[in-house]
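All chains are named by letter (A, B, ...) in the order of the sequence lines, taking the proteins before the strands, and each is independently numbered beginning at 1.
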Amino acid sequence: MEQKIIKITLPDASTRIFEAGTSSMDIATSISAGLARNVLAAEVNGEVWDTARPIYTDATLKLLTWNDQNAQTTFWHSSAHLMAEALEALYPGVKLGIGPAIEKGFYYDVDFGDRDFSLTELEQIEKKMLELAKNNSVYSRKEVSKTEAFEYFSQKGDEYKLELIEGLQDGQITFYTQGSFVDLCKGPHIPHTGFIKAVKLLSVAGAYWRGDIKRKQMTRIYGITFPQAKELKEYLELLEEAKKRDHRKIGKELELFAFSENVGMGLPLWLPKGTALRERLESFLRKEQIKRGYSQVVSPHIGHKNLYITSGHYEKYGADSFQGIKTPNEGEEFMLKPMNCPHHCEMYKTKPRSYRDLPLRLAEFGTVYRYEQSGELHGLTRVRGFTQDDAHIFCRPDQVKFEFINVINLVLFVFNAFGFKDFTAQISLRDPDNKTKYVGSDENWEIAERQIQEAATETGLKTVTELGEAAFYGPKLDFMVKDALGRKWQLGTVQVDYNLPERFSLEYVGADNQKHRPVMIHRAPFGSMERFVAVLIEHCAGNFPLWLTPEQFAILPISEKYNDYAQEVLQALQAQELRGVVDERNEKIGRKIRDAEVSKVPFMLVVGEQEAASKTVAVRRKGQGDLGTMEIAAFISRLSSEVNQELTLV
RNA sequence: GCCGACGUAGCUCAGUGGUAGAGUGCUUCCUUGGUAAGGAAGAGGUCGUGGGUUCAAUCCCCAUCGUUGGCUCCA
């Protein structure tokens, strides 16, 4: 029986009575005209609806304005429709794929046919969008049958939409219309285009239809919109600021690393300062791992081809890898190692193992080489030669969960040490519909997947689960951190592997005096030194913690007359294992300070006549200014204690 | 690998169908200065590379290499 009267519960738990069929816009109007002017969408029983959509049942209602995430998503989705309307106006006959909102903004995939599309055309599309927005065209929703939907887009000749309709269920198909533009869309949308006051189209990119490399590549146009011009300006400024944190820029400025065409793309050169930083990171982790029962090992950069045939990697990746290294011996071939695990398996096999020996934890800062697709290379985050902070834990099946938990704790320890609070822990499982992509028995996969999930639960780790993202040999838990521009990168990783022990016939003798197969856990808390340093740079904008920074201080003589004293100070500090330089240039002190500030040196030690006479230094802290004069020993103890404090915190 | 953009002095970038400019850095000189840029002079570029169009190409076209925004991939 149909209700005549409905009860609406608002977020403050108050309730109001309306006639059935009242829309959330009507309700907003009844509350206040100001609210009605600003409401973009509504959450009806937790689902985001158009404000014009009539409500026929009792419901909880939250009116969404620009400050709500869901309103912004709706706003940007509606903006994608507006862009599509502009595109149809400017380029008659374009075909449209999908046009969703994304985290910041929206995109639409467009097929321009034979036409080449260029960046320079974005501006006139923006103009057209703003012009159309001024029409205050209402986004109106219409339920259509599958047949009607087919008819409309057949007539229009848009095969992409037809394919989408194919996958939809009759009775659940809706069209949205604004102005002259009609789109297949389940909504919701903002009330009308007039809310869209500022538009910026940011970039164009090729994107395969339905993410399939074998299908047509469409032109994807990315953009963002705002209800106020001021907000767009602020957003663009934020983007500019983020670009200043880019590790590629800071890495060059601070002389941490470089690339050379002559060396080869994706092969980073670690310069002295970058190396100093990296080696500190390595010793930090090495020390921690020793505490946690790991043994450090070293293996060569190449391995016999047979090693990778045994491991299965040759079959899987051989054709897409750096190719084999030939020797003067006919038929002999080595491969650059793309991972460390096969070497570590061979280490395991150097002697018979007892169940009492397990777990065996072999750790190595192992440099590996992978022929990544050229289009994938990106600064230090995606390279072709990199060093993993790798380790393989060989354990009994009953130890897997415990070891897994310990690894999770190690990763969290590392992330905490560097202040990475905003990360995602992702459990990657098999694609249940495509099991042939993976090796290993169903049973082992199920055990491994369960153990990962249990370990995550028991450590209290908040995780997201992705199907189909597992490695081909086992499920994994990845820790992802965002870079300055919001791109996600996988740093820490933990992976269970039942496959390699099988392929390498690894065994241990159990308490029952029978042979058993160990389980392997691959893990890397940093992921790789390269990617970790990249993300760390962006995280701290090049202002590294004192214990890590390549140069902790710069000694700045007032004039050349005090260079000798500056050297004396340097000797004293270096004797205490503190790191820094003397700026002996023929420049004024103001200049030397500025340069040291710009190059992010934490401490500046000004030395002149007074300091030389009293064997002191005038200390200045980056970003804080003058801290006053102190004796060299006092500065040493201040710097050392700050370093120690950082290290006990981490 | 695919689509788009870019490649000019060590760095950041301007510019033009008639063989190139700024700022900064670098070198030298003057200055020896007390907490975010002292002054002057000078050196530096086959305009990524290879073809083509043209009387003439750094500029237009093609190819190639590299970088870059995405897509796909990622042991």
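Between A:Lys273 and A:Glu253, none of the side-chain N atoms (NZ, or NE/NH1/NH2) sits under 4.0 Å from a carboxylate O, so this pair counts as no salt bridge. Salt bridge present: A:Arg361 and A:Glu403 bring a charged side-chain N and a carboxylate O closer than 4.0 Å.
Looking at heavy-atom distances under 4.0 Å, A:Ile558 makes contact with a base. Counting any heavy atom pair closer than 4.0 Å across all strands shown, A:Met265 reaches sugar-phosphate atoms only and no base atom. Nucleic acid contact class of A:Asp320 (heavy atoms, under 4.0 Å, all strands): none. Nucleic acid contact class of A:Ala205 (heavy atoms, under 4.0 Å, all strands): base. Within the nucleic acid shown, A:His378 comes within 4.0 Å of sugar-phosphate atoms alone, with no base atom in reach, counting heavy atoms only.
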Could you pull out the protein-nucleic contacts involving nucleotides 8-17 of chain B (nitrogen or oxygen on both sides, under 3.5 Å)?
| unit_1 | atom_1 | unit_2 | atom_2 | d |
| --- | --- | --- | --- | --- |
| B:U12 | OP1 | A:Lys252 | NZ | 3.2 |

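When only modelled atom types and interatomic distance are considered, A:Ser299 and A:Lys337 share a side-chain donor-acceptor pair under 3.5 Å.
A donor-acceptor contact under 3.5 Å is formed by the side chain of A:Gln217 with the base of B:C2. A donor and an acceptor atom sit less than 3.5 Å apart, one in the side chain of A:Tyr208 and one in the base of B:G1. Counting distance only, with no hydrogens placed and no angle test, the side-chain atoms of A:Asn586 and the base atoms of B:G33 include a donor-acceptor pair under 3.5 Å. Donor-acceptor pairing under 3.5 Å, judged by distance alone, is present between the side chain of A:Arg382 and the base of B:C73.
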| request: Carefully, step by step, assess A:Phe112 and A:Tyr91 under the rule ring-ring contact (aromatic ring centres under 6.0 Å, His included). | output: CA-CA 8 Å; A:Phe112 287 102; A:Tyr91 310 92; 5.1 Å; yes
| query | For A:Asp389 and A:Thr387, what are the C-alpha separation, side-chain angles and deciding distance, and is it a side chain to side chain donor-acceptor pair (under 3.5 Å)? | reply | CA-CA 7 Å; A:Asp389 56 327; A:Thr387 301; over 6 Å; no
| said: With side-chain contact (heavy atoms from CB on, under 4.5 Å) as the criterion, how do A:Thr463 and A:Gln426 come out once you've worked through the C-alpha distance, each side chain's angles and the decisive distance to 0.1 Å? | reply: CA-CA 5 Å; A:Thr463 57; A:Gln426 176 181 312; over 6 Å; no
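A ring-centre distance under 6.0 Å is found for A:Tyr222 and A:Tyr107.
Of the candidates B:A75, B:U35, B:G1, the closest approach to any side-chain atom of A:Asp626 belongs to B:U35. Comparing atom distances between the A:Ile593 side chain and each of B:A75, B:G69, B:A36 picks out B:A36 as nearest. Of the candidates B:C3, B:G33, B:G34, B:G33 carries the atom nearest the A:Ser559 side chain, counting heavy atoms from C-beta on. Checked against B:U35, B:A36, B:A5, the side chain of A:Leu119 finds its nearest nucleotide in B:A5.
Between A:Pro268 and A:Gly385, the shortest heavy-atom contact is CD-O, 3.6 Å. Contact record, A:Ala86 with A:Met129: CB-CG, 3.7 Å, taken as the closest heavy-atom pair.
Stacking of the aromatic ring of A:Tyr317 onto the base of B:A75 is found: the ring centres lie under 5.5 Å apart and the planes are inclined by under 30°.
In summary, of the residues considered (A:Lys622, A:Arg585, A:Lys600), a salt bridge (charged side-chain N to carboxylate O under 4.0 Å, His left out) with A:Asp595 occurs for A:Arg585 alone.
Stem analysis of RNA chain B (Watson-Crick or G-U pairs, both distances under 3.5 Å, runs of at least three) returns B:1-7 with B:65-71, B:10-13 with B:21-24, B:26-30 with B:38-42, B:48-52 with B:60-64.
In this structure, A:Ser374 reaches the B:G1 phosphate: one of its side-chain N or O atoms is under 4.0 Å from OP1 or OP2. The side chain of A:Arg487 places an N or O atom within less than 4.0 Å of a non-bridging phosphate oxygen (OP1 or OP2) of B:G70.
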